[in-house]
Amino acid sequence: MTTEKIIVALDVPDLESAITLVDKLPQVTFWKVGLELFTSTGPQILEILKSRQKQIFLDLKFHDIPNTVAGACRAAAGYGVDLLTVHATNGKDALKAATEAVQVGAEKAGTEPPKLIAITLLTSIYARQLVFDLKITLELPEFALQMALLAQESGLDGAVCSPQEVTQLRETCGNDFLFVCPGVRPLWADKGDQKRSLTPSQAIEAGADYLVIGRPITAASDPELAWQKISEELHSDKSVNQV
Ligand SMILES: O=C(O)c1cc(=O)[nH]c(=O)n1[C@@H]1O[C@H](COP(=O)(O)O)[C@@H](O)[C@H]1O
């Protein structure tokens, strides 16, 4: 297993903190820029990551009417990023429009289109919340599966799902569909707001193509040591890890 499958979530408030972290972790090849950092810095952070030859997951989780989602995807595809997110619950019309829009946006900018992936169900949601707050009566794994299938039928490249559901989703969607799994926690890390997590090696074993890991690395007192511990866990393929 290679650490190239780890995408580190650059969830920091400003450009200075982002650059400090990127420079502290030169081994990280794939960074995720999400809502906090992109809202704070705009595309400048993407240019900085590209100048350091990093792969970029632009996680803006678009959720809106088809025309608006398509416009946002067209613009985002122009940045030349590698992965881009929308919510599967946008529905089929918006997902199809988004799929076309990334092609158009990338072509216009003269760059490769990003792989477009859909959020199935946020990893911070647990089964009781799905029923009692969101009023969704499908069993949680079934709901996640239906959202992945909707994304696949709409022409997307993959989905974001919890590592707890990835095996089942992979079985149905097949190996050509990309699965990116956040909610990954080594045993020594705090779960925080993540409700459906597995350890890094369990997540890989379950069939994730990529793991997204943020705070266990970025909020650690020693991010380099945290990265090293996770890499060692993956290389030794052990899910049991000591502090
Ligand atoms: O799209 C995502 O990356 C995402 C989807 C999801 O269901 N759950 C989830 O945690 N994420 C993101 O993955 C990252 C997880 O960060 P940590 O909980 O700090 O490891 C955050 O940047 C979230 O925005």
Side-chain angles (χ1 to χ4, degrees), residues 5-13 17-18 21-22 25 28 30-41 45 49 55-63 69 72-73 76 81-90 95 98 114-127 129-130 134 136 140-141 143-145 147-148 151 156-166 169 178-200 202-204 206 208-221 223 226-227 229-230 233-234:
K5 288 192 169 197
I6 303 177
I7 304 175
V8 180
L10 201 40
D11 290 331
V12 292
S17 323
L21 206 47
V22 170
L25 293 167
V28 177
F30 213 144
W31 288 95
K32 182 171 88 76
V33 175
L35 290 170
E36 180 183 9
L37 187 58
F38 195 76
T39 303
S40 145
T41 69
I45 181 62
L49 289 170
Q55 287 186 274
I56 304 172
F57 173 6
L58 183 58
D59 176 30
L60 299 181
K61 294 189 181 67
F62 296 133
H63 197 191
V69 168
C73 285
V81 295
D82 300 281
L83 291 175
L84 179 69
T85 44
V86 294
H87 277 281
T89 49
N90 275 305
L95 293 176
K115 292 210 182 307
L116 187 63
I117 58 178
I119 313 298
T120 53
L121 178 69
L122 291 170
T123 53
S124 53
I125 302 282
Y126 52 93
Q129 277 180 321
L130 191 67
L134 305 184
I136 292 168
L140 190 151
F143 179 73
L145 176 62
M147 292 303 101
L156 273 73
D157 301 294
V160 179
C161 69
S162 149
Q164 293 187 6
E165 289 114 49
V166 69
L169 271 53
L178 197 65
F179 283 107
V180 176
C181 293
V184 174
R185 287 290 182 272
L187 293 179
W188 44 265
D190 187 10
K191 285 212 167 51
D193 48 6
Q194 296 291 356
K195 297 296 189 310
R196 306 193 324 279
S197 57
L198 289 183
T199 68
Q202 286 170 337
I204 290 289
D209 291 300
Y210 290 101
L211 310 183
V212 176
I213 308 179
R215 289 162 290 181
I217 297 169
T218 58
S221 54
W227 167 267
K229 279 161 59 178
I230 291 170
E233 177 188 330
L234 288 172

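Small disclaimer: the values here were computed from a predicted structure and weren't measured. In each ligand, atom 1 is the first atom listed, and ligand 1 is the first ligand listed. By convention here, the first residue in the shown sequence is residue 1.
Between T123 and ligand 1, a contact under 3.5 Å exists for at least one N or O pair. Of the N or O atoms in D59, one or more lie within a sub-3.5 Å distance of an N or O in ligand 1. Backbone and side-chain nitrogen or oxygen atoms of A9 are examined, and none is located within less than 3.5 angstrom of a nitrogen or oxygen of ligand 1.
Close contacts of ligand 1 with R215, meaning ligand atoms under 4.0 Å from a residue heavy atom, involve 17 (P), 18 (O), 19 (O), 20 (O). The contact set between ligand 1 and I119, taken as ligand atoms under 4.0 Å from a residue heavy atom, comprises 1 (O). The V212 neighbourhood of ligand 1 comprises atoms 13 (O), 14 (C), with distances under 4.0 Å to a heavy atom of that residue. Residue-ligand proximity, D11 to ligand 1, at heavy-atom distances under 4.0 Å covers atoms 21 (C), 22 (O). For ligand 1, the atoms lying closer than 4.0 Å to a non-hydrogen atom of R185 are 17 (P), 18 (O), 19 (O), 20 (O). Heavy-atom proximity to K32, at under 4.0 Å, picks out these atoms of ligand 1: 3 (O), 12 (C), 13 (O), 14 (C), 21 (C), 22 (O), 23 (C), 24 (O).
Summarising the local packing, NZ of K115 is surrounded by 12 or fewer heavy atoms from other residues, nucleotides or ligands at distances under 6.0 Å.
Checked options L95, T85, V86; the residue passing with L116 is V86 (criterion: side chain to side chain contact (heavy atoms under 4.5 Å, CB included)). Exactly one of V33, V8, L83 qualifies for a side chain to side chain contact (heavy atoms under 4.5 Å, CB included) with F57. That residue is L83. Checking each of K195, R196, Q194 against T123 for a side-chain hydrogen bond (donor to acceptor under 3.5 Å, both in side chains) leaves exactly one that passes, namely Q194.
Nearest protein heavy-atom contact of atom 5 (C) of ligand 1 is P182 CG, 3.5 Å. Looking from atom 1 (O) of ligand 1 to the surrounding protein, the closest heavy atom is K61 NZ, 3.0 Å. From the protein, the heavy atom lying nearest to atom 15 (C) of ligand 1 is Q194 NE2, 3.6 Å.
Under 4.0 Å from ligand 1, not a single heavy atom of T218 appears. The side chain of V160, and not its backbone, has at least one atom closer than 4.0 Å to an atom of ligand 1 (non-hydrogen atoms only; side chain from C-beta on).
Rounding to the nearest 0.5 angstrom, the gap separating the CD1 atom in I204 from the OH atom in Y210 is 10.5 Å. Going from atom CG of L84 over to atom CD1 of I117 covers 8.0 Å, rounded to the nearest 0.5 Å.
Checking side-chain atoms of S40 against main-chain N and O of P13 turns up a donor-acceptor pair under 3.5 Å. Side chain of Q55 to main chain of W31: no donor-acceptor pair is present (N/O by atom type, distance under 3.5 Å, no hydrogens or angles). Here the side chain of D209 pairs no donor or acceptor atom with the backbone of V180 at under 3.5 angstrom.
Contact analysis puts P216 in contact with ligand 1, with a non-hydrogen atom separation below 4.0 angstrom.
Considering all non-hydrogen atoms of both residues, A9 and T218 come closest at O-CG2, 3.5 Å.
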